[in-house]
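Every number for a ligand or one of its atoms is a count from 1 in the order of the listing. All figures in this text were calculated on a predicted structure; none of them were measured in a lab.
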Amino acid sequence: MRHLLSPLDFSLEEVSHMLKLAQDIMRNPEKYSHVCDGKKLATLFYEPSTRTRLSFEAAMLNLGGKTLGFQSADSSSASKGESVADTIRVVSCYADICAMRHPKEGAPLVASHYSRIPVINAGDGGHNHPTQTFTDLLTILELKGRLDNMTIGLCGDLKFGRTVHSLINAMKRYPNVSFILISPEELKIPQYLRDELLSENYNFKEVSNLDDVMGELDILYMTRVQKERFFNEEEYIRLKNSFILDCKKLENAKKDMYILHPLPRVNEIAVEVDDDPRAAYFKQVQNGVYVRMALILILLGLDKGMLEQ
Ligand code: NCD
């Protein structure tokens, strides 16, 4: 049985197939509206979510399936001390596939060892968020027509931001992609990720000033400072407004540089930027549904022959 815990669980060919399937779903939604009739998706969310949980639910409903689940650890037996291993064994009796978000890194991996249904990691602590990454890839592909030959700036909380970690891992597999990592000293990428980039000779640089590099970027991926992962509130308050993207700052950007953000946004993108044609973060939200529809089909083995129909 197949799970999705990291974006690297799919080969480049599999990612490419999934993105093609998502694009076909985007263009021909009615073709897919009954493929999951009779199937159930469980959403097991031990951490807050708006987009990820609702887009998983919308994805399953669009495919003709049904959903069940819980939205917080408080409303599940986790509050009574039940382990993830026991919970997933129980959920395996109720659903055909599940999406799990958990504050602890590796919790969906543990669940996958005990599960009888495919487990999708919907965000584990500061570690990975593969379905957001596939959403980002689809958005970049739709906007730029390619995933290779580009410079991506990732800006904000690169230490705790799981979407950043997954996106770097996914994008580094495409030819001639370089990364500009823009953050305050305290929020630089984790050492393990830096070591991987160094040992594999990837093209990246770490800077602290967004203005200096704006003109080099093809994609600017803004992120929120991850308040909930700080040990110290004062440190969060000091760092939370490190970067605020506004129209003035965008004057030096390329005309075809797109701005992505996994959302939620706090202060890091001024609302005035929403009207700039390069602002792509609400397009990402829509793409997230198509990608999750494609992923559900693939993990349930229901994608066979769909592209040929
Ligand atoms: C992100 C997450 O949960 O990691 N949100 C999302 O799923 N789109 C980003 C964030 O919370 O900052």
Side-chain angles (χ1 to χ4, degrees), residues 4-7 22 41 43-59 69-73 98-109 119-140 152-171 181-184 187 189-190 193 219-230 236 239-245 258-269 274 279-293 295-296:
L4 178 74
L5 304 168
S6 142
L41 164 86
T43 50
L44 315 178
F45 277 63
Y46 296 82
E47 249 194 3
S49 170
T50 300
R51 268 150 300 273
T52 306
R53 188 174 59 81
L54 294 184
S55 64
F56 266 113
E57 294 187 1
F70 54 82
Q71 310 179 16
S72 70
C98 79
M100 175 184 283
R101 168 169 288 189
H102 202 286
K104 284 217 179 93
E105 288 80 5
L109 172 68
V119 175
I120 302 170
N121 178 3
D124 62 328
H127 189 215
N128 265 319
H129 194 345
T131 62
Q132 179 62 48
T133 292
F134 291 157
T135 301
D136 303 337
L137 296 188
L138 178 62
T139 307
I140 296 171
I152 305 187
L154 296 110
C155 177
D157 186 346
L158 311 187
K159 178 180 181 187
F160 296 118
R162 55 196 173 194
T163 62
V164 168
H165 307 156
S166 285
L167 186 59
I168 291 174
N169 275 324
M171 285 298 298
L181 307 173
I182 310 145
S183 72
L187 297 179
I189 55 166
L193 208 52
I219 296 288
L220 171 57
Y221 195 88
M222 293 297 295
T223 61
R224 169 180 76 91
V225 177
Q226 306 276 300
K227 179 179 184 192
E228 65 276 31
R229 312 222 188 277
F230 276 73
Y236 167 72
L239 293 170
K240 68 177 183 174
N241 290 329
S242 297
F243 300 99
I244 299 180
L245 183 67
Y258 290 98
I259 307 150
L260 274 65
H261 190 308
L263 303 180
R265 135 178 80 182
V266 185
N267 273 333
E268 57 281 352
I269 302 181
D274 298 359
Y281 27 96
F282 292 112
K283 289 198 184 96
Q284 269 169 285
V285 176
Q286 182 63 61
N287 289 337
V289 180
Y290 303 130
V291 154
R292 291 180 175 103
M293 288 171 75
L295 183 63
I296 290 170

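Considering backbone and side-chain atoms alike, H129 places an N or O below 3.5 Å from some N or O of ligand 1.
A side-chain donor-acceptor contact under 3.5 Å links H129 and R101. For the residue pair R292/T131, the side-chain donor-acceptor check at 3.5 Å is satisfied. For the residue pair S166 and Q132, no side-chain donor N or O sits within less than 3.5 Å of a side-chain acceptor on the partner.
Looking only at distances, a side-chain donor or acceptor of D124 sits under 3.5 Å from a matching main-chain atom of G106. No side-chain donor-acceptor contact under 3.5 Å links S183 to the backbone of G156. Side-chain atoms of H165 never come within 3.5 Å of backbone atoms of L193 as a donor-acceptor pair (strictly under, hydrogens ignored). Not one N or O on the side chain of R224 forms a donor-acceptor pair closer than 3.5 Å with the backbone of E268.
Every atom of ligand 1 is numbered from 1 in the order shown, and the set under 4.0 Å from a heavy atom of T52 is 6 (C), 7 (O). Taking a cut-off of under 4.0 Å to the non-hydrogen atoms of Q132, the atoms of ligand 1 that pass are 6 (C), 8 (N).
At least one heavy atom of R101 lies less than 4.0 angstrom from ligand 1. Contact between P264 and ligand 1 is present, with at least one heavy atom of the residue lying under 4.0 Å from the ligand.
Nearest protein heavy-atom neighbour of atom 6 (C) of ligand 1: L263 O, 3.4 Å. Atom 8 (N) of ligand 1 has P262 O, 2.8 Å as its closest protein atom, hydrogens excluded (heavy atom only). Counting protein heavy atoms only, atom 10 (C) of ligand 1 is closest to R224 NH2, 3.4 Å.
Between the choices H165, Q226, H261, R162, the shortest heavy-atom distance to atom 2 (C) of ligand 1 belongs to R162.
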